[in-house]
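Everything numeric in this text was worked out from a predicted model, so none of it was measured. For the numbers below, each heavy atom of this structure counts, side chains included, while hydrogens, waters and symmetry mates do not.
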Amino acid sequence: MQILFEKFLDLIYKKKCYFCKSSKEAVKMCSKCYEELDQLPVKVNRIINSKKVYCAGVYSKNLQKLIRGLKYHKQSDLAYYLARFMAEYFDKILGKSTYEVVPVPIFPKRKKKRKYNHMDLVGEEFCRLTGNSLNTTLIERIKDTKPQYKLKRNERMKNLNGAFKVNKENYKGGKILLIDDICTTGSTFEEMITELEKVGITDIMCLSATTPFE
């Protein structure tokens, strides 16, 4: 009865694509709009503390709207599509490889306001798609930092200094894959890598959904 009722509601309130508003497929991102997401060529985007950082796409057009909708406009269903985009890129880097996936954490007050950490949702979907394991308790954010996008690199590093704490007792012993939505200067990844290395965790790679630069 519950399933029939849900199907009935789906017919009445048919989902529209968040991007083109089409209700033909009754999904948050139709296949046409998803196919318009451009992946960058598979290559190391930068090296931070000798760790490789990969960026799957450019922060523009539908990718920008996808991230902003997920992050700021309570469109939690979009997590699947960002995770899928990242998973398809990740598969080209390594194929099937086992990692502990650690999403960039947000400060508890900000998480309470947003109702969720969007990268935790992306991490869940990413691990489901790739077969990796999610670890959201290894690193926590202990400092309520300012938004990074208006800051220069030296200001970003100062802003992030002391922002993260590693709970080594929650480390499962695997290779670490840090994931984030946007990598601009790499300062967030750098601070997390530094804190992980302090407790002897050194097998680390980073994957960002986007970068502002091609």
Side-chain angles (χ1 to χ4, degrees), residues 18 27-29 31 34-35 37 39-40 42-45 48 51-57 59 62-63 66-72 74-108 110-112 114-141 164-183 186 188-193 195-197 199 201-211:
Y18 183 69
V27 292
K28 273 290 184 178
M29 190 172 196
S31 54
Y34 183 80
E35 286 164 8
L37 300 178
Q39 278 191 2
L40 286 170
V42 177
K43 63 178 183 179
V44 176
N45 184 271
I48 298 175
K51 314 304 179 190
K52 294 177 180 178
V53 179
Y54 293 88
C55 297
Y59 185 65
N62 276 359
L63 262 176
L66 195 167
I67 290 171
R68 291 188 65 82
L70 172 62
K71 195 170 183 176
Y72 301 118
K74 304 187 187 303
Q75 301 295 319
S76 59
D77 287 356
L78 294 178
Y80 163 76
Y81 301 97
L82 191 61
R84 178 180 163 190
F85 182 74
M86 296 174 73
E88 288 171 356
Y89 183 90
F90 178 78
D91 189 57
K92 293 176 184 177
I93 303 170
L94 296 170
K96 298 300 178 184
S97 187
T98 305
Y99 278 82
E100 282 184 52
V101 177
V102 180
V104 171
I106 61 176
F107 194 68
R110 196 168 298 181
K111 185 175 181 178
K112 185 177 180 180
R114 288 186 192 170
K115 309 298 183 187
Y116 56 79
N117 175 7
H118 66 293
M119 288 312 300
D120 282 355
L121 300 183
V122 172
E124 288 174 16
E125 295 290 350
F126 181 88
C127 288
R128 186 177 64 80
L129 292 165
T130 61
N132 289 287
S133 61
L134 184 67
N135 191 334
T136 60
T137 59
L138 178 61
I139 302 178
E140 61 179 303
R141 202 168 197 130
F164 301 109
K165 176 189 174 185
V166 176
N167 300 308
K168 193 176 182 182
E169 67 275 12
N170 296 328
Y171 178 47
K172 300 169 188 175
K175 296 179 288 187
I176 298 296
L177 177 67
L178 302 177
I179 62 168
D180 201 2
D181 53 2
I182 309 167
C183 180
T188 301
F189 282 146
E190 185 172 348
E191 187 65 22
M192 292 176 73
I193 289 168
E195 292 304 312
L196 286 166
E197 289 184 323
V199 298
I201 301 172
T202 59
D203 197 347
I204 306 163
M205 191 173 80
C206 305
L207 174 63
S208 174
T210 64
T211 177

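- The pair Lys51-Glu197 meets the salt-bridge criterion, since a charged nitrogen lies less than 4.0 angstrom from a carboxylate oxygen.
- The closest side-chain heavy-atom distance from Ser76 to Tyr116 is below 4.5 Å.
- The CG atom of Asn170 lies 3.5 Å from the OG1 atom of Thr137; values are rounded to the nearest 0.5 Å.
- The closest side-chain heavy-atom distance from Ile179 to Val102 is not below 4.5 Å.
- Screening Thr188, Ile193, Leu196 for a side chain to side chain contact (heavy atoms under 4.5 Å, CB included) involving Phe164 leaves a single residue, Thr188.
- In terms of the side-chain contact (heavy atoms from CB on, under 4.5 Å) criterion, residue partners of Ser133 (sequence neighbours excluded) are, by chain and number, Glu100.
- A distance of 8.5 Å separates CG in Leu129 from CD in Glu88, rounded to the nearest 0.5 Å.
- Distance alone, capped at 3.5 Å, is enough to place a donor-acceptor pair between the Thr211 side chain and the Cys183 backbone.
- Here the shortest heavy-atom pairing between Leu63 and Leu37 reads N-CD2, 3.7 Å.
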Q. Please walk me through it: do Thr210 and Asp181 pass side chain to side chain contact (heavy atoms under 4.5 Å, CB included)?
A. CA-CA 6 Å; Thr210 64; Asp181 53 2; 5.5 Å; no

N/O donor-acceptor pairs under 3.5 Å from side chains in residues 119-127, not counting sequence neighbours:
from	atom 1	to	atom 2	distance (Å)
Asp120	OD1	Asn117	ND2	3.3
Glu125	OE1	Arg128	NE	3.1
Glu125	OE1	Arg128	NH2	2.8

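- Partner Lys52 forms a side chain to side chain contact (heavy atoms under 4.5 Å, CB included) with one of Val44, Leu207, Ile204 and no other, that one being Val44.
- Within the 4.5 Å cutoff, side-chain heavy atoms of Leu138 are placed close to those of Val166.
- Put simply, the side chain of Asp180 never gets that close to the backbone of Ser208: no donor and acceptor are under 3.5 Å apart.
- Separation of atoms CG (Asp77) and CG (Leu70) is listed at 9.5 Å; rounding is to 0.5 Å.
- Using a 4.5 Å heavy-atom threshold, the side chains of Cys206 and Met192 count as separate.
- Considering only heavy atoms from C-beta on, Ile67 comes within 4.5 Å of Leu82 through its side chain.
- Side-chain contact between Tyr72 and Arg114 is present, with heavy atoms from C-beta onward closer than 4.5 Å.
- Environment of NZ in Lys175: crowded, with over 12 heavy atoms of neighbouring residues, nucleotides or ligands closer than 6.0 Å.
- Here the CZ atom belonging to Phe107 is positioned 10.0 Å from the CD atom belonging to Glu140, to the nearest 0.5 angstrom.
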Q. Should Gln75 and Tyr18 be marked as a side chain to side chain contact (heavy atoms under 4.5 Å, CB included) after you check the CA-CA gap, both sets of side-chain angles, and the distance that decides it?
A. CA-CA 9 Å; Gln75 301 295 319; Tyr18 183 69; 3.7 Å; yes

**Q.** Stepwise side chain to side chain contact (heavy atoms under 4.5 Å, CB included) test for Leu177 and Asn132
**A.** CA-CA 10 Å; Leu177 177 67; Asn132 289 287; 5.7 Å; no

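- Of all heavy-atom pairs between Gly186 and Ile48, the closest is O-CD1, 3.4 Å.
- The local environment of NZ in Lys172 is crowded, with over 12 non-hydrogen atoms from other residues, nucleotides or ligands closer than 6.0 Å.
- The closest side-chain heavy-atom distance from Tyr171 to Ile139 is not below 4.5 Å.
- Using a 30° and 60° split on the angle between ring planes, Tyr81 and Tyr34 fall in the tilted class, from 30° to 60°.
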Q | side chain to side chain contact (heavy atoms under 4.5 Å, CB included) evaluation trace for Lys111 with Arg141 | A | CA-CA 11 Å; Lys111 185 175 181 178; Arg141 202 168 197 130; over 6 Å; no

